[in-house]
Structure formats: C-alpha cells, structure tokens
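Handing you this structure, nothing more for now.
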Protein chains: 2
Amino acid sequence: MSSKAYQLSNKYYYGSDPILVAVDSIIFGFDYHEEKLKILLFKRLVEPFSGQWSLIGSFVKPHESADASAYRILKELTGLSNVFLEQLKCYTETDRDPGARVMSIAYFSLIQIEDHNDELINLHGTRWFDIDSIPDLVLDHNKMVREALEHLRTMVRRKPVGFELLPNHFTLPQLIKLYQEIYQKPLDDRNFRKKIHSLGLLKKLDKKDKSTSKKGAFLYKFDQKKYMELLEKGFNFEL
Amino acid sequence: MSSKAYQLSNKYYYGSDPILVAVDSIIFGFDYHEEKLKILLFKRLVEPFSGQWSLIGSFVKPHESADASAYRILKELTGLSNVFLEQLKCYTETDRDPGARVMSIAYFSLIQIEDHNDELINLHGTRWFDIDSIPDLVLDHNKMVREALEHLRTMVRRKPVGFELLPNHFTLPQLIKLYQEIYQKPLDDRNFRKKIHSLGLLKKLDKKDKSTSKKGAFLYKFDQKKYMELLEKGFNFEL
DNA sequence: TCAAAAGTGTTGGGATTACACCCATGG
DNA sequence: CCATGGGTGTAATCCCAACACTTTTGA
C-alpha cells in the first residue's frame with residue numbers, strides 16, 4: 001500500500017490530515033496557420049467523470065515535487081521536455097472534487113505546437129481546442145483556463161514569453177498575429193515592428209518564408225541572451 | 001482519528017498518496033515611525049525545530065480551504081479579519097521538511113500594524129522584524145520571505161496595494177516614505193505627489209497631522225470606490 | 001526669528017500614437 | 001502586369017524626469 005511509505009516518513013506530525021494533491025496544466029499553443037491560440041486537453045482517465053474533457057493532470061506522487069509531476073505528465077503526453085512551465089495557482093476548495101478532498105496546483109505552459117509528437121498525441125486522445133471554444137471541462141477546470149488566459153495576457157506585457165509559442169524561425173507577420181490573438185485586438189503594424197526592433201531581441205535571417213506571399217517575409221530568430229535578460233528583468237510591452 | 005473523515009470521503013482515488021499541506025503567511029506591516037517595512041514572525045510550536053523563528057502557519061484542516069486556513073491563523077494571532085491576503089505560491093520540494101512530506105502554500109498579507117491586537121501578539125510570542133534583518137527561519141521560510149518581497153515590489157507597481165499598509169488616515173509624507181522603503185530608493189517628492197493625485201485615489205481631509213512638523217501635513221484617506229476600480233484593472237506606477 | 005518639514009510648477013526630451021504609400025514577386 | 005501581402009517614416013501629442021524655492025509655525 002503506497003500510503004505506507006508516506007506514513008514511515010511522518011515522524012512528527014501525528015494527527016494532521018493529509019490531502020490528495022494533483023497538478024493540472026493549462027498548455028497553450030499557437031496555430032499560426034489558423035492564427036488561433038489553442039489549449040491542449042485530454043479525456044480524463046479516472047472516475048468520477050472518466051471520459052470527459054479535462055486539463056492534463058496527474059496526482060503528485062510521494063517522491064516527486066509538483067513541478068516534477070507537471071513535467072512528467074507533459075512529457076508523457078506530448079514528448080516535450082524543454083518547455084516553458086510555471087506554477088500558476090493552487091485550487092483548494094474542499095468541495096472542488098466530489099471524488100475526495102483533492103487540491104490541485106495549476107501549471108501554465110507555453111509550447112510550440114509543431115514540436116510535439118503526433119503519435120503520442122493520438123495515443124492519449126489529446127486534442128487542441130481554440131480558446132474561444134473550450135468544451136465543458138471536469139471540476140473547476142474551466143475556471144483554471146479562464147484564469148490562465150488572464151495570466152497569459154498580463155504576462156505577455158511584462159515578459160517576452162510570446163516567443164515560446166512560435167517556432168524557432170518565425171516571421172514578423174506571424175509574431176504580430178500571435179500578439180493580436182492574445183490581446184484580442186488589432187495592432188498597428190508599423191508601431192509593433194518599431195517597438196519589437198527597439199528591444200534588440202530579434203535576429204534577422206537571410207531566409208524568407210514564402211508560404212504566405214509572393215514577396216516572402218523575412219525569417220527571424222530571437223537572441224537567446226537578450227531574451228534571458230528581458231525574461232529576468234521584464235519590460236513594458238503595452239500596445 | 002481525524003484522517004478517518006478523509007478516508008471516508010475518498011470514494012474513488014484508492015492507491016493515490018495524500019500529502020500534508022500547510023499554509024505559511026508572509027505578513028507585511030509598515031512602521032511609519034521607524035519608516036521600516038516589517039514582517040510578522042512567531043516561534044514554531046511543533047517539532048522538528050520547535051521554538052525557532054518561523055512564518056506564521058498551520059496545517060490545512062480537512063474541512064477548510066487553504067484560504068480559510070490562512071485567514072484562521074492570521075485571525076488567531078493578530079485578531080484581524082478584514083485584511084489583504086492572497087495566495088502567493090506553493091512550495092512542494094519533497095525534502096523541504098525533514099519531519100514529513102509537507103507542501104506549503106505561501107500566503108501574502110498586508111496589514112496595518114496599529115490595528116492588530118497587542119495582547120494577542122504578546123500571547124503568541126509573535127514579533128515584528130525589519131525586512132533587512134530577518135533571522136534564520138525554519139525550513140524554506142527565508143526563501144518564501146525573499147520571494148514575497150519581490151512580489152510586493154512587483155505588485156505595488158501594478159495595483160494600489162500600498163494603502164493596505166497605512167492607517168485609514170495618512171499623510172503624503174508617510175505614503176512617500178512607504179514607497180521609498182518598498183522600492184529601496186529615494187523618490188522625487190513633487191513627481192510622486194503629481195502622480196498620486198492624478199490617479200484620483202486620494203481624498204484630502206481638513207485635519208492635519210502635526211506629530212512630525214510644526215507646519216503639519218494634511219491627512220488623506222483613499223476613495224474606496226476608486227481603489228476597488230484600480231485594484232481590479234491595475235495601473236502603471238513606475239517611479 | 002529661525003529651523004524643519006510641507007507643499008508647489010515648469011520645461012525639455014523621449015516615447016507613443018496615428019496614419020498612407022512603395023516594394024517584390026509568382027502567376 | 002497586376003494582385004497580394006511585406007515592408008517602411010514622420011509629425012503631433014503625451015508622459016516622465018529633472019529640478020529649487022516658498023510656506024507654515026512652534027520653540
């Protein structure tokens with residue numbers, strides 16, 4: 001019985017009441033063909049509500065941190081390991097899960113849709129959903145999605161995390177479309193370019209992407225060093 | 001046995017491993033006589049490390065949310081109930097507490113030092129410490145304090161929470177000193193006044209506080225409605 | 001009358017907004 | 001050669017930072 005291991009290590013806190021702890025990840029991706037921000041969902045595996053759409057999650061195991069748990073489940077379902085993943089918020093209402101007293105730590109993740117392993121995706125029945133047509137999810141997961149989306153909108157103004165959603169080489173039109181989709185409003189093309197260039201974050205490549213126009217749009221990558229610097233100290237990216 | 005109640009409600013998740021969950025609150029106060037930002041600590045009541053300085057915390061009980069737990073312990077130790085309290089971050093490293101596998105949800109609180117009940121403070125052996133001379137704390141509590149302080153500095157630029165640390169009636173010199181203490185840098189007096197007035201958050205009273213000068217400084221209170229509005233939508237308060 | 005803290009405005013520079021046309025190319 | 005999307009510059013405005021003197025009054 002697995003709770004035995006736990007009991008053994010509890011030398012001190014007799015009489016205190018342990019609680020089940022889960023992690024649930026809100027995983028964002030940007031489909032730049034459709035120009036849509038999406039989140040990754042799967043069908044819940046356990047009762048109650050088995051088979052219903054759910055955030056991707058797992059119970060936290062005795063010998064792993066919550067971070068490790070969130071990384072583990074993300075790796076299992078997408079094959080990805082070097083991704084942007086951070087803790088968002090802990091949901092602790094006593095009645096949030098009718099199955100038991102379960103707390104959930106929500107994680108916020110940004111991934112590049114193209115990178116993930118399609119076989120794994122199919123294997124586990126995960127699916128990308130447009131953020132404006134998320135189905136009814138189990139428990140309080142719809143609330144988690146709403147709050148994660150707010151977090152994304154706030155965050156993108158302070159840190160250059162938008163890039164986590166784009167492929168390594170991307171064009172400015174793609175970048176602009178991403179920000180428009182996140183902010184849910186049209187942005188001025190010229191001012192956006194001016195601002196993004198002024199950050200010194202972009203490295204222009206020689207190649208062009210001609211998949212969307214005859215003229216072709218220059219590809220860029222971002223300067224890893226500058227990126228880290230800005231991630232650390234933040235910036236102000238109001239538009 | 002209290003864990004029985006828990007077992008009873010766990011109809012579904014057999015074989016999953018529950019974890020002890022605690023809350024720990026980083027409680028900030030501003031002593032405007034000393035012009036110092038402080039945090040409230042107490043001496044830990046349980047082994048291991050009983051008697052050492054610690055953040056104020058408690059285990060989360062089976063029938064309370066983590067928020068309720070944090071409010072409960074704050075009320076017990078300070079007598080205060082209408083305070084600014086929000087969840088900060090969950091600490092989940094497996095080895096963070098040698099006593100057992102315990103997660104801790106850190107809470108961030110801002111209170112008005114004068115409001116709290118001195119008798120309770122004395123009764124529980126709590127004490128205010130300058131943020132620049134925090135003693136060694138149990139477990140990872142020093143880390144929590146550092147991160148909470150960073151959070152305060154970030155937050156104060158986006159939301160008008162500074163007021164939570166001041167008495168209901170306060171003077172502009174007090175407010176400026178508070179911000180200087182939080183930002184840890186001198187601020188331009190005239191620009192600060194201009195900016196704070198432009199927010200439309202302050203209501204000037206007829207009274208003056210003459211405790212710090214012969215001329216006396218006008219007392220202000222803040223406009224609750226405007227405050228709520230700005231708390232909701234945020235602002236930019238770079239200085 | 002003077003010391004000590006409170007209060008008050010202006011100006012220059014940098015950033016942000018609004019806005020319209022030329023460019024390159026494949027079909 | 002033309003339709004389509006990619007790319008560029010400037011002027012007006014707003015916001016922010018820097019900066020020094022006057023006011024009040026109790027001792």
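Here is how names work: the chains are called A, B, and so on, in the same order as the sequence lines, proteins then strands, and each is numbered from 1.
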What is the distance, rounded to the nearest whole Å, between atom CZ of Arg193(B) and atom P of dA5(C)?
->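 After rounding, the reported distance stands at 14 Å.
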
Length of the CG-P vector between Leu172(A) and dG7(D), whole Å | 6 Å

To the nearest Å, how far apart are Phe192(A) CZ and dG9(D) C1'?
-> 18 Å

Between dG7(C) atom P and Leu175(B) atom CG, what is the distance in whole Å?
-> 12 Å

Which pairs, with at least one residue in residues 74-93 of chain A and sequence neighbours excluded, count as a salt bridge (Lys or Arg N to Asp or Glu O under 4.0 Å)?
->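 Checked against salt bridge (Lys or Arg N to Asp or Glu O under 4.0 Å) - neighbours excluded - the pairs reaching residues 74-93 of chain A are Arg72(A)-Glu76(A), Lys89(A)-Glu147(A).
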
dC15(D) P sits how many Å from Ile196(B) CD1, rounded?
->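 About 17 Å, once rounded to whole Å.
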
Rounded to the nearest angstrom, tell me the gap between atom OH in Tyr220(B) and atom P in dA6(C).
->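 It is 12 Å, rounded to the nearest whole Å.
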
Provide a list of protein-nucleic acid N or O atom pairs under 3.5 angstrom, restricted to nucleotides 12-14 of chain C.
none

Would you kindly give the CD1-to-C1' distance between Ile176(A) and dT8(D), to the nearest whole Å?
->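 So the two atoms are 12 Å apart, to the nearest Å.
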
Pairs involving residues 149-177 of chain A, ordered by first then second residue, that meet salt bridge (Lys or Arg N to Asp or Glu O under 4.0 Å) (sequence neighbours left out) = Glu35(A)-Lys177(A), Arg157(A)-Glu238(A), Arg158(A)-Glu238(B)

Salt bridge (Lys or Arg N to Asp or Glu O under 4.0 Å): which pairs involve residues 193-220 of chain B, sequence neighbours left out?
-> Asp189(B)-Arg193(B)

Tell me, for nucleotides 16-26 of chain C in 5' to 3' order, what letter each nucleotide earns: B for a base near a protein heavy atom under 4.0 Å, S for only sugar-phosphate near one, - for neither?
-> SBBBB--BBBB

Any residue meeting salt bridge (Lys or Arg N to Asp or Glu O under 4.0 Å) with Asp67(B), in chain and number order, not counting sequence neighbours =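 With sequence neighbours excluded, Asp67(B) shows a salt bridge (Lys or Arg N to Asp or Glu O under 4.0 Å) to no residue whatsoever.
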
Only counting residues at least two apart or in another chain, list the ones meeting side-chain hydrogen bond (donor to acceptor under 3.5 Å, both in side chains) with Asp130(B).
-> Lys38(B)

Side chain of Gln87(A), backbone of Cys90(B): donor and acceptor closer than 3.5 Å?
->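 Confirmed, Gln87(A) side chain pairs with Cys90(B) backbone.
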
Non-neighbouring partners of Asn82(A) that pass side-chain hydrogen bond (donor to acceptor under 3.5 Å, both in side chains), sequence neighbours left out |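 side-chain hydrogen bond (donor to acceptor under 3.5 Å, both in side chains) list for Asn82(A), sorted by chain: empty.
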
side-chain hydrogen bond (donor to acceptor under 3.5 Å, both in side chains) against Ser65(B), all qualifying residues, sequence neighbours excluded = none

